[in-house]
Structures are given as structure tokens and as C-alpha cells.
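Working notes, beginning with the structure itself.
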Amino acid sequence: MSHNTIAINQQMDTFDGHHSVWLFGYGSLIFKADFPFIERRAASIRNWSRRFWQGSHDHRGTETAPGRVVTLVQDAGAECYGMAYLITPEVFTHLDHREKNGYLRLATDIFFEDGDSALGLVYIATEDNEAFLGAATELDIALHIARASGPSGHNRDYLFDLADALRELGKDDAHVFTIEQHLRQLPST
Ligand code: BEZ
């Protein structure tokens with residue numbers, strides 16, 4: 001699959017006719033909401049885990065030296081914590097462009113902290129996209145992140161911002177926090 005997913009995402013019609021849609025953010029959307037939203041609530045989705053397995057050629061790396069950013073991988077029984085935004089459909093045009101490097105929209109149940117839930121959307125980069133890098137140890141991921149940088153800034157700042165945002169939400173994520181620990185012990189370049 002080509003890693004430019006804009007056209008595929010714009011064909012999705014699950015929420016056609018809706019005036020607002022919940023979007024679940026688990027990566028940069030937690031700490032960088034550069035779009036208008038009606039409401040924002042801490043939330044989670046089930047049976048997915050966050051992993052630094054997606055290559056970033058356009059934000060935290062380059063074509064020749066991609067960085068590593070998060071995607072979700074299926075994981076029965078797991079719960080992934082993040083932030084849900086109630087947005088109008090026009091905002092998806094902005095997000096489809098911002099996240100065009102392999103991320104597809106998927107409809108999913110979103111669970112709010114107060115026990116309420118709603119059907120919404122999440123962007124996921126699956127393993128069949130060209131930018132997918134796949135599994136590596138947390139130490140290798142940290143070593144990779146330590147040397148990557150792109151138009152949106154240093155890859156390590158993406159990791160640190162995400163770890164800080166999860167701490168602010170009061171949520172643990174062993175994968176993210178282990179990479180953070182390794183990264184803090186590496187010299188910054
Ligand atoms: C997110 O933060 O939910 C997100 C991460 C990567 C691509 C799109 C969205």
C-alpha cells in the first residue's frame with residue numbers, strides 16, 4: 001500500500017451526515033491538538049497497544065532517515081489510553097493531510113473515564129503500509145529515535161512530549177516509558 005493515504009481516507013463514509021464525530025488520539029494528538037474541537041475527554045480504546053513501530057518520513061524524520069512514531073497493534077485484552085476529541089467532519093481533511101504517511105481511519109468504540117462510550121474514529125498505520133518499520137527492542141527504538149529529526153522537530157522530543165502527556169493523564173505505558181528511560185541515558189546529538 002502506498003504510504004500516502006489521503007485518497008483512501010476520504011472515501012470513508014461511516015460518519016456521513018454526522019455533524020460531529022469523536023476522534024481518539026493516542027500519539028501526537030494527545031499533546032498537539034492543532035485543530036478546533038468542540039470537547040475533549042480522557043478516554044481509551046480496547047484490544048490495541050501503542051507501539052513505536054511506524055516510520056516517519058515527513059514529521060520526525062526524512063525520506064532517507066525516517067524517525068519512529070506510534071501506531072497501534074492489535075492486542076487482545078489490552079487497553080490503550082489517550083485523549084478523545086469531538087470534532088466536526090471538516091477537521092478530518094486537515095488530519096488526513098497531517099497524518100498521510102500511512103495512517104488509515106478506523107471506526108472503533110471509545111470509552112470515556114466516566115463509563116460512557118461512543119463510536120468514533122482512530123488513525124492506525126497497519127503493517128502493510130510502506131512506512132511500517134515493525135518491532136524492535138525498546139533499546140534499539142531509543143537508539144533509532146536518538147538520531148532522528150525531521151520538519152516537525154527532533155524525534156526524541158516527540159517521545160518526551162508523549163511520555164509527559166501520559167503522565168499528566170495519570171496513565172502507564174511500559175513500552176513508552178522504557179524507551180524514555182533508555183533515551184534519557186543517551187547523549188543528545
Ligand atoms: C494519534 O495521536 O492518535 C495519531 C497518531 C498518529 C497518526 C494519527 C493520529
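Remember, it's 1-based here, ligands and their atoms both numbered in the order they're listed. Values below: every heavy atom of this structure, side chains too, minus hydrogens, waters and symmetry copies. Bear in mind that the values here come from a model prediction, so they are computed numbers and not experimental data.
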Inset, instruction - Could you tell me which residues satisfy side-chain hydrogen bond (donor to acceptor under 3.5 Å, both in side chains) with Arg46, sequence neighbours excluded, listed by chain and number? - result: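 Expected list: none.
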Legend entry - Neighbour list for ligand 1 [protein residues, heavy atom under 4.0 Å]: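 Ligand 1 is contacted, at a heavy-atom distance under 4.0 Å, by Phe24, Gly25, Tyr26, Gly27, Ser28, Leu29, Glu99, Tyr103, Tyr123.
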Inset, instruction - Would you please classify the geometry between the His175 ring and the Phe52 ring as parallel, tilted or perpendicular, with 30° and 60° separating the classes? - result: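 Judged by the thresholds at 30° and 60°, the geometry between Phe52 and His175 is tilted.
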Legend entry - Neighbour count >12 (heavy atoms, 6.0 Å) for atom CD, Glu127: no
Inset, instruction - May I ask you to decide whether Glu79 forms a salt bridge with Lys171, counting only side-chain N to carboxylate O separations under 4.0 Å? - result: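 So Glu79 does not pair with Lys171 through a salt bridge.
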Inset, instruction - Could you tell me the separation between the OH atom of Tyr158 and the CZ atom of Arg60, rounded to the nearest 0.5 Å? - result: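 That separation rounds to 8.0 Å.
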Inset, instruction - Can you see which heavy atom on Phe132 is nearest to which on Gln54, and at what distance? - result: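 Heavy atoms only, the tightest pair is CA-OE1, 3.4 Å.
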